[in-house]
Amino acid sequence: MARPSGALPAAKQPFFETPPKITLCITQTCNLQCKHCYSDCNSVGLAAELSTDEWLRFIDYLVSNDFIQIYIEGGEPLFRKDFKDILRYCSRKLMTLVRTNGTLITRETAEEFKEIGVGRVLVDIMGATAETHDFFAGVPGSFAKACAALEHLIDVGISTDMLIILNRRNVGELQQYVDLAHRLGVPRVGILRLYPLGRTKRQWADLALSLEEQMAALAALVEPKGLKVMRSWHPKDRNCCWQSAAVNPFGDSIGCPYLREYVNYGNIRTMAFLDTWHNDPLYKQLRAGEVEKSCPDCHASDGTRGGCRSTAFAFQGRWTAPDPFCSTLNEGVDLRVLPDGLLQQNREYPS
Amino acid sequence: MEVCLVFTPDRPRLFSLNPTAWLIFELCDGRRLEDIERAYYDIVEPLVSRNAARQEVGLALAELQQNGIVERLCGEAG
């Protein structure tokens, strides 16, 4: 196993003067009631969410400042009544990706997405069976609808990903999951780590796996031929902050959706987004990749340092800390146990 | 290394162009093929021979065209 290194060559740290892509978390509402929801969504929209006009103006701003890609997520984006207007506005000039639970995508919706020019749709499916997925989603029938959505999207020729958040309740069916993706014709699966955010924090004891259990499950996976499987563990534990830009439903610049409970670099209602990028000290610090230790293997494969800043901060309490989800940097941190105080951290949102 | 990101809305995809492809893409501003080749050679010589420069332009243009990043205008030959 590689040993952590404190000093890695500065020249290899990626750098953007301005970000080419951004995540828009356009709503904190959803038609499902997922037990693990990172956004702590409900079905009722808050008046403080950005209006249609505010999102469209912001998209104009992004286009005029040379952004090239938008990643839209929620909540559930399709649950917003103006979603297709926003989507159409983005897709004219920006590569547009949508992350969704898939349950609101019918054949007609898929055809409309194709006509609008959506670049890629990523569908969250939390297990290989209806029993597992619907347990998480809290709404019976969600699994069947999500699988049908993928089939519709593939049929009309839209690139798709299937996303799973690895946890104790679905780890036993991970092989079935990638086999299901292959059967459905999905070209790419993303296996994501479990983040201690939103409702997941309150389910942590039931859902969290030790790092050893996670690595063993990933190592045992037999990837079907032709299916691309993405994963963010060692040796590809990225520190993506150098390129990350995101805005939450209320207009706060939060860097990355996984930092949603920890940072606020300013609000786009009162300041230009790029002012938050260029001027916020913490935002600049995180993008600079200043960390105490790095894994040479992860650095070699991605050119970034220290692993994910969200989980590093959550478990270690320091922005410069090593990420315990990397086996080289874990240093004995038990990922099944949340640090004291994390459960009490709940971000206050405007009503 | 610097790259150029290109978005093709008609076939929604993002492409990352290396500096050579980026330069040739920038030269595709409506000028004729032989003018693209000449302009490219003026920039890369003496490191690259005229023949090699022409080949690089040909290969890059074929790929750019195939991916819908540039298109050949009517009347443009060769």
Side-chain angles (χ1 to χ4, degrees), chain A residues 9-23 59 62-72 84 87-98 110-122 153-154 156-161 187-188 228 242-243 245 302-304, chain B residues 1-33 35-40 42-48 52-53 55-76:
Chain A
K12 283 194 174 179
Q13 174 67 21
F15 175 78
F16 272 132
E17 189 61 44
T18 56
K21 55 186 186 179
I22 188 167
T23 299
I59 292 159
L62 298 174
V63 169
S64 66
N65 282 283
D66 297 329
F67 283 72
I68 198 165
Q69 178 173 299
I70 279 188
Y71 184 104
I72 302 177
K84 286 178 186 166
L87 189 64
R88 191 175 289 278
Y89 207 68
C90 290
S91 300
R92 298 165 308 140
K93 296 189 174 178
L94 298 156
M95 175 69 173
T96 304
L97 291 74
V98 179
E111 286 170 352
E112 200 173 355
F113 277 17
K114 181 68 176 174
E115 179 264 317
I116 286 172
V118 175
R120 181 173 283 273
V121 178
L122 302 91
L153 292 161
I154 292 165
V156 302
I158 294 178
S159 301
T160 55
D161 283 9
R188 208 164 70 172
K228 188 172 181 185
W242 64 281
Q243 60 171 341
D302 288 311
T304 62
Chain B
M1 178 184 286
E2 292 190 354
V3 297
C4 173
L5 293 174
V6 177
F7 171 50
T8 52
D10 291 342
R11 292 182 262 177
R13 278 188 67 186
L14 267 191
F15 296 91
S16 174
L17 305 186
N18 65 26
T20 299
W22 181 0
L23 171 57
I24 293 166
F25 172 62
E26 292 276 354
L27 294 172
C28 295
D29 56 0
R31 72 182 83 187
R32 296 174 58 81
L33 176 61
D35 295 331
I36 294 172
E37 289 172 346
R38 188 177 305 114
Y40 180 71
D42 287 347
I43 294 166
V44 298
E45 66 93 18
L47 296 174
V48 178
Q55 278 183 349
E56 285 178 9
V57 169
L59 287 171
L61 283 180
E63 199 164 338
L64 292 170
Q65 203 176 337
Q66 188 184 357
N67 286 309
I69 298 169
V70 299
E71 59 185 4
R72 192 180 290 276
L73 296 174
C74 292
E76 175 63 78

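Convention: sequence-line order gives letters A, B, ...; per-chain numbering from 1.
- B:E45 and B:R38 are not joined by a salt bridge, as no carboxylate oxygen comes within less than 4.0 angstrom of a charged side-chain nitrogen.
- Under the 4.5 Å side-chain criterion, counting only non-hydrogen atoms from C-beta, B:N67 is in contact with B:E63.
- A:S91 touches chain B through its backbone: at least one of N, CA, C or O sits under 4.5 Å from a heavy atom, while the side chain does not.
- The ring pair (Phe, Tyr, Trp, His ring centres under 6.0 Å) check on A:F16 picks up A:W242, with sequence neighbours excluded.
- Look at B:R32 and B:D35 and you find no salt bridge, because none of the NZ, NE, NH1 or NH2 atoms lies under 4.0 Å from a carboxylate O.
- Looking at A:R92, the atoms closer than 4.5 Å to chain B (heavy atoms on both sides) all sit in the backbone: N, CA, C or O.
- Proximity to chain B is limited to the backbone of A:L94, based on heavy atoms less than 4.5 angstrom apart.
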